[in-house]
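Have a look at the structure below before the remarks.
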Number of protein chains: 2
Amino acid sequence: MASTRLDPIDRKILAELQADGRMTNVELAKRVGISAPPCLRRVRTLEEAGYIRGYHADVDPRELGFEVQVFANVGLQSQAEADLSAFEARCRAWPLVRECHMLNGEVDFILKCVAPDLSTFQRFLTEELTAAANVASVKTALVIRGAKDQPGVPFDVLEERLARDA
Amino acid sequence: MASTRLDPIDRKILAELQADGRMTNVELAKRVGISAPPCLRRVRTLEEAGYIRGYHADVDPRELGFEVQVFANVGLQSQAEADLSAFEARCRAWPLVRECHMLNGEVDFILKCVAPDLSTFQRFLTEELTAAANVASVKTALVIRGAKDQPGVPFDVLEERLARDA
DNA sequence: TTACTCCGCGCAACGATCTTGCGCTCCGGC
DNA sequence: GCCGGAGCGCAAGATCGTTGCGCGGAGTAA
């Protein structure tokens, strides 16, 4: 609920947990300037209110043998809502597809995919994605190297904005 | 180091922590079938070996007022290494740019950006990104809705692959 | 102004968890 | 058969998570 505004301490908590999700509650409390019990209560509230959707270890794909990362731009034949939903459901079922976003503009969806090697991805591309119902066009782009990969949102921008509005 | 192979328990640990990064060590130990102390030692080893790069709370951008998410395809005038690195450095300095990946194919980079509203993004686009040195073309696509957003890698695919190779 | 209510903090205590040291077993090499 | 190393589980002390409770400040109404 966006009606429940966050105070500066809540925003600090979110920023700290976004930066280090395994931080101890007492360490977190120390950083945001309150004692441990109310800090934990705030975290629980933020979780239940949906501000925090979960916590995840950031695992290195290459170390685990996922050498290939690909962005796939997908165009569909029909943009009827039922067909869009059907394609999204397929994407959720494909483990190699990690993200699926519906776009405006000339392409309908952009997919972020990972694979152990190129041939695995090629097989997925030809036998699954391109072959799927309603898929009109697929243009893929291989990731050569990653320059930045930050999760979540920039809290400094948020703070600037709040300071200006106030 | 990829030379140090992971055993099934290590992979289970990574899978569990990717799914829930705040899981208690005793709970984790219970799930992977060993006692708490060696489990914690394994986690520390995985962290130091680089398999785990960190832990992050998954914060909902919309709840925090970041309503806009955009993918930007960027083409550069010069692809000399020095110019590529310079552009990557600029991306790292822009807080609205959350991800920056170098691609093969017709575009040079794809950027995932967030912004509180469209006008903020437009300002960034015209005054910063398009105006930056060496930027030849920028094509943006607004995210209408997100259908899937999974972090990390699909461990079930990894297990299948290892079972087949063995 | 005063009294009242509500919300959120801090304190304290208990239970759970983390963390370390240690001894044991298993396994491979000599 | 013996030895050495790696990895496990047990146990204990330190730290942390969790709950209940009392206190104080902000807002409201008389």
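A note on names: the letters A, B, ... follow the listed sequences, proteins ahead of strands, and every chain is numbered from 1.
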For this session: Go through B:Tyr55 and A:Tyr55 one step at a time and tell me if the ring-ring contact (aromatic ring centres under 6.0 Å, His included) criterion holds.
Result: CA-CA 7 Å; B:Tyr55 303 88; A:Tyr55 303 88; 10.0 Å; no
For this session: Any chance you could lay out the salt bridge (charged side-chain N to carboxylate O under 4.0 Å, His left out) test for A:Glu47 and A:Arg53, step after step, and finish with the verdict?
Result: CA-CA 7 Å; A:Glu47 288 169 358; A:Arg53 293 185 291 206; over 6 Å; no
Exercise. Step by step, would you call A:Phe71 with B:His101 a ring-ring contact (aromatic ring centres under 6.0 Å, His included)?
Worked result: CA-CA 10 Å; A:Phe71 283 90; B:His101 307 275; 5.2 Å; yes
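Between A:Phe87 and A:Phe109, the ring planes lie tilted relative to each other; the angle falls in the 30° to 60° range.
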For this session: Summarise how protein sits on nucleotides 14-24 of chain C as a single string, 5' to 3': B when a protein heavy atom is under 4.0 Å from the base, S for sugar-phosphate-only contact, - for no contact.
Result: ---SSSBB---
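By the 6.0 Å contact criterion, CD on A:Glu81 is enclosed, its count of non-hydrogen atoms from other residues, nucleotides or ligands being greater than 12.
Atom CG in A:Leu6 sits roughly 12 Å away from atom P in C:dG8 (whole-Å rounding). When the C1' atom of D:dG7 is taken as reference, atom CG of B:Asp7 falls 10 Å away, rounded to whole Å. Whole-Å rounding puts the A:Asp10 CG to C:dC7 C1' distance at 14 Å. Between the CZ atom of B:Arg5 and the C1' atom of D:dG7 there is a distance of 19 Å, given to the nearest Å. Between A:Ile34 atom CD1 and C:dG8 atom P the separation is 11 Å, expressed in whole Å.
Using a cutoff of 4.0 Å between basic side-chain nitrogens and carboxylate oxygens, B:Glu128 and B:Arg90 are not scored as salt-bridged.
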